[in-house]
Every structure is written in structure tokens, then in C-alpha cells.
There are 2 protein chains.
Amino acid sequence: MSTRRATISDVAREAGVSPSTASVVFSGKTPTSEATRARVLAAADALGYTGPDPRAASLRRGRSGIVGVVFDTHLGTAFLDPVTTHMMDGLADGVSRLGAALLLLRDDGETVSEPSLHTAPIDAAVLIGCSPRMRDSLEIVRGRGIPVVVVEGDAGEGVPQVLLDNAEAQRAAAQHVADLGHRDVVIVTLPIDTSRRRGWVTADEPVRVDVTADRLAGAREVFPRAPVLAAATSSIDEGAIAGRTIFGDPSRRPTAVIAQSDLLAAGVIRAAEEAGLRVPHDVSVTGFDGVVVDGLAPHVLTTLVQPATAKGRAAGEAVAAMLEDDEPSGLDLTCTFRVGTTTAPPPTT
Amino acid sequence: MSTRRATISDVAREAGVSPSTASVVFSGKTPTSEATRARVLAAADALGYTGPDPRAASLRRGRSGIVGVVFDTHLGTAFLDPVTTHMMDGLADGVSRLGAALLLLRDDGETVSEPSLHTAPIDAAVLIGCSPRMRDSLEIVRGRGIPVVVVEGDAGEGVPQVLLDNAEAQRAAAQHVADLGHRDVVIVTLPIDTSRRRGWVTADEPVRVDVTADRLAGAREVFPRAPVLAAATSSIDEGAIAGRTIFGDPSRRPTAVIAQSDLLAAGVIRAAEEAGLRVPHDVSVTGFDGVVVDGLAPHVLTTLVQPATAKGRAAGEAVAAMLEDDEPSGLDLTCTFRVGTTTAPPPTT
DNA sequence: TTGTATGCGTTATCAA
DNA sequence: TTGATAACGCATACAA
């Protein structure tokens, strides 16, 4: 039992070949004779050598095989959203042709823990989200000369982005609601800024989160005067809170609610039912995302199905392309409008 | 614009100091005079040097600052379970004193993508889950001489584990149900093996997943003859499917259902209500996990609150300890029984 | 407080 | 098909 781990040189010596030959046996980059190959492998086995040290290899190669995924929230929170988990799914897929693994990174601007964005051994980065803070993260990464892709954020100059047609999609859904005859509509939005304040939003209030702003703009094209209620986060319980606010006063109940996410919509539906309203008979509800909301059955949400997995995959592929010096193709993805069982004409009073 | 990125030597030369001095300025390991420090920083700025190359640093140090988290399922699937997300949360916390980031690794035995378990530049690994396949992953990692912690899996000899008192906790909950007077009970389990087959389980059928087996054993201590129904996964919809099976035949309805997860329990409750049964008046339901089930309100599940975040944190801390050559303290965590509003005495017929 | 010297473990290049 | 050589970029022990 030697005290230190065997290196490829040890293996080479044991096998009676040069280190470079031993290296080649492991990398397979150059043909080797079956005999030497066997000898090297045997030597490795004897010495308990399990393969090249990835740290040394990545120094030499200039590549670590790791792609950083940067969030601006607590990781637990991020993964509570099915859209995020599906996106991670696609991302894992998209980078798989690189054979890269994903490194979870959180940049909240505060924590000075390492490895941070500044020091992580990543070949590329994917920034998730759209908070203003992402701009800083972006600068850090670009400063390091690391290729980066932004998913649904305002990246600016020359950064490949994966975007959704949020405004247009939401407009289409709102139009569907209008076409059904609804005039009395409330819009429930995702958080409007990083403070995550909950409550009614006045018309002139700035909306700092891109996704929220875009979807809101789309809905307002159809319903310019609809009251807007911001949720603190995207969850069923938040949607229920919003719903109780909306349906609390029977004299001012809308006939339809446009929610900016499926989770919010599910909560709104729950609140409506609590208030004795039937969906869609008494009130119509639309969502956004097209995720499977566990527990929503038997309702099928009228919603905009966003290609969450594809979004991740596109980001992954963009990253892969950049690392292979291909064109860093950004991508505009489109949502599909799906009519479910939660929208109908307004009740005939 | 030079064609290659500046190194610390370039910075040192520019600043008129030695490389080691420049290095020290960045690492802060040795005091430097304010003057040289400023000069080095200025030089770095001028050259666009953003800090030491992590690949080189980690080779030199023998540390990458990365902890691998190994799953045996599709990552998207894993993150769909709140227990997992909470655990990741705690894990991120637990390793934070190391200042380590988390690398997502999937080992399904098939994919040959790199970096895999074999080649990822990780300082330590955390194995999540308990499938038989984990044994292989364990061998790979140990072969590399990398410290590893197993969370709720059967690790065997000398591997620190983070365990839950699954059997005892489930026994306690079952006893509570028995104490309420229930005799007619059905147990709904998590998947019993990797095939994830759904359906009734015969008494002699082997249960290959540790968690499932342990919880089942605990319940059977109290209800040795209770019928057992396996779910294909842990979700509300799966629970509803199980619930429909259970309540489908009015002549054979149990008065209580012991579910092995909160998500399953929520689904069972939903199915019960669909069948016109009131919870807990007509049927009692218990869960396991103590997670917040989005959308379950107003019910409060009678369940076993497992310290999911603590579980992750414990794993993280165990890893941290091992890397600091402390005792690799494994940990046995205990669940807390919580009486909610979903259990009551059986209906008096 | 700063500088010198050395090697961490690999792999790419090129010549044999 | 194999081997010699030379980096990759840095951090540390030690001397000054």
C-alpha cells in the first residue's frame, strides 16, 4: 500500500511503456497495439489506478467538462417550480452531446463562498432568470471570457438568448377570453420585482421582471384596463391567496382571471371553488406554462404550453455550439395555446 | 488585445513583483503590503486578469471545491419530489462551510457521457437514494478514493450514512391509527423496485427499495395483514390512482389508508373525496415526509415529518468533515409524528 | 514582507 | 505504433 495514489507515470513505468503511451491507452485518442494496451491496463489494475486525474487533465486540456447553471434564488426555491425542473431536464440533455455535467451555482450577490461564479471551473454558463441581478452575474462570467447563454433574461449585446414569445402568447390567450365574451377580467401576475411584494399593482408601477412585464403587456393589449394583482411567487398557495382577494368581494367578482402561471391558476381555481364558484361556469381561468399541476385533476387548464424542456435543451445546445466554436445560435421559442376545461363564456346574468 | 488570456505571471511581471507575490495577493494567504497589493490589482485590471485559473489552482491544491451529488434517476424526476429539493437545499447549506458547489451527476449505469462518476473532478460525493444500482456507483467512487456519504441507502461497510428511522416512525403512525380504532387498513407504498410496477403486492413479494421496505415493515408491525398497494412513483396523481383502486369497490372500503408519502396521501384524499367520502370522517389518511403539499389545504395531513433539509445538511456536513479529516460522522435522523386533520376514529356503522 | 524554485498529473506535438 | 519533450497555470516550502 503506497501512501500516495498512483499516477499515470507509475502505471507507465510498471507497464514498461512511456507515460504518453499510457495516456493514450486511457484516452483512446491514438491507436495502440493490443499488447501494450493490455499491459497498461493490467499495470493500472495492479496499482489501483482508476484513470487520469480530472484536475490535471482539465488543466492540460483547458476544459473541465462542466457547465455552470446560475440561479439568482435559493436553489430549493428554484427547483420547486416545475418549469425549472423540466428546463434542467432539457439542459442536461442539451449539454450531453458535450458530455458535460451541470454545476449548480447561486449568485445572490452576497455569499462570498467559493467556488462562485468567479472561481468555478466551468467551460460555459447558463444564466436562468431575468432579475436585474443577473446583469452582474453576466458581467462576471463574460469578464472571465466564458461563453454564456441566457434563458429568459435581458442579456443585451451579443449574448445568445433563449426566449419565449411571452407577450404574443399571452395576448392570444387573452383574446380567447375576450372572444368568449368576457369583459370583466383580473390579471394575476408573477412577482414584479425582487422584493416579491404581493398585492394590487397600479397602472404606472414599474415591472422589473422581464417575464412578468412581457406577459402583462400581452394581456393588456386585449384588456388595457384590467386590474392587476401581483403574487409573491409562483405557487398554488400564492394563487389561492390571490384568488381569495379577487373573489372575496362578491359585488366585484370578475368573470375571468388570467393568471401568469399554471400554479397560480390552480390556486385561483381552488379559491374560486372555496367561494362557491364553479369553474368554468361561473368564472373562467387561464394559466401559463403548460406544466402538469399535480393535483389539479379533473380540470384541464386552458393555458399556454411553454416548451420548458426544449428551452433547457436549446440552452444546452447553444452552449455546446459555442464550445465547439460553432455559431452560438440563440433561439426564440413559441408557446402553444391549449384550450382546456377552465374557460367558457361568462355566466348569462 | 493579446490572443491568449493573461496568467498570474503576466500580472506579476506587469506589476513588477514575483509570481508568488501576485499569487498571494489573490489568495490572501499571506499578508502583503498595501502598496504591492494595489500594484498587483492594478496590473491585473490592466491585463483583464480576473483571478487564478480554477483548473490550475485545483490541480495544485488537490481540491476542486466541488461535491458531486449522484442520482439514479432522470434529474427532472428527482427534482419533482419536494423531499429531494429540500434535501438539496440542506446539502447546499451543509457543504457551504467548505465553500463547495454541487455537481449534478446521474449514474444510470448506461450513459457513458463524461464527466461521469469516473471522471468528474469532485472532492467528495453524496449518493442519493437506495436502488441496488447505487452499489455500483458506490464502488466506482470508492475506487477513486473519494470520500462518499450515502443518504438513505444501504451502503454497507464503513460508509457514513444519513439515515431515517423509517420503520419506527411508520410504526408509530400506524399505532396511532390503530389506537383510533381502525382495523381495516390499506397501505399505499412507494415503488417497490426499479421497475416501478404499480399494483397490489403479495405478502411474499420482495421489496427491493430500502425506504419502501423499512416503512412497510413498520406499518406491518401494527397491521400484519393489511393489503399493500404499490404506487409507481411518489406523486399526487399516483396517489389518486391508488385511491381510486382502493375506494372503487364500495363493499371493500378500508376505514384508513397509510400512505408512504405525503404526495401519495394527498392523492388518496383526492380520490376519497371523488368517491364521496369525507376525510377524516369516513376515512382516515396518513402520509410520510411532512412536506408542504401545494394545494392540499385546508387539510393538514397526519404524517411523519421527516427532517428533509436536515438530512441534506447532515450529508453536507459529513462530507465537509471527511474532507477536513475529521470523523466522518454518519447520522440517524428521526421523524416527528404530527397529528393533523386527516385522521379520526372510524365511522360508527 | 517578498522572491526562488519546484512540481501538481496530465496530454499535445512532433519525431522516431 | 511508440517515446521524448514541453507546457498547462498555479501555490507552496523555504530562503532572503
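In what follows, every chain begins at residue 1, and chains take the letters A, B, ... in the order their sequences are listed. Everything quoted here is computed from the prediction, not taken from an experiment.
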Other residues, nucleotides, ligands: >12 heavy atoms within 6.0 Å of B:R37 CZ:
no
Atom CG of A:D53 and atom P of C:dC8: how far apart are they, to the nearest Å?
12 Å
Let's see if you can work this out: which of C:dG9, D:dC10, C:dT10 has an atom nearest to the side-chain heavy atoms of B:Y49?
D:dC10
Is there a side-chain contact between A:T36 and the phosphate of D:dT2, meaning an N or O under 4.0 Å from OP1 or OP2?
yes
If the cut-off is 4.0 Å, is B:S33 near the phosphate of C:dT2, judged by side-chain N/O to OP1 or OP2?
yes
Do A:D123 side-chain atoms and A:V67 backbone N/O form a donor-acceptor pair below 3.5 Å?
no
Measure CZ/A:R37 against P/D:dG3 and give the value in whole Å, please.
16 Å
Under 3.5 Å donor-acceptor, A:R63 side chain and A:L323 backbone
yes
B:R5 side-chain N/O to B:D53 backbone N/O, donor-acceptor pair under 3.5 Å:
no
Is any N or O donor-acceptor pair between the side chain of A:R60 and the base of C:dT11 shorter than 3.5 Å?
yes
Take the protein atom CD1 of B:I8 and the nucleotide atom P of C:dG3, then report the distance between them rounded to whole Å.
13 Å
Phosphate OP1/OP2 of D:dG3: any A:T21 side-chain N/O under 4.0 Å:
yes
Would you say a side-chain N or O of A:S18 is under 4.0 Å from OP1 or OP2 of D:dG3?
yes
Nearest-Å distance, CZ (A:R61) to P (C:dT10)?
11 Å
Could you check whether the side chain of A:S20 and the base of D:dA4 have a donor-acceptor pair of N or O atoms closer than 3.5 Å, going by distance alone?
yes
Under the side chain to side chain contact (heavy atoms under 4.5 Å, CB included) criterion, do B:M88 and B:I128 qualify, and how do the steps go?
CA-CA 10 Å; B:M88 288 297 294; B:I128 309 296; 5.9 Å; no
Side-chain donor or acceptor of A:S23 under 3.5 Å from a matching atom on the base of C:dT10?
no
Give the rounded distance in Å between these two atoms: CZ of B:R39 and P of C:dT1.
15 Å
Between P of C:dG9 and CZ of B:R144, the distance in whole Å:
14 Å
Whole angstrom is fine here: how far is it from CZ in A:R63 over to P in C:dT10?
20 Å
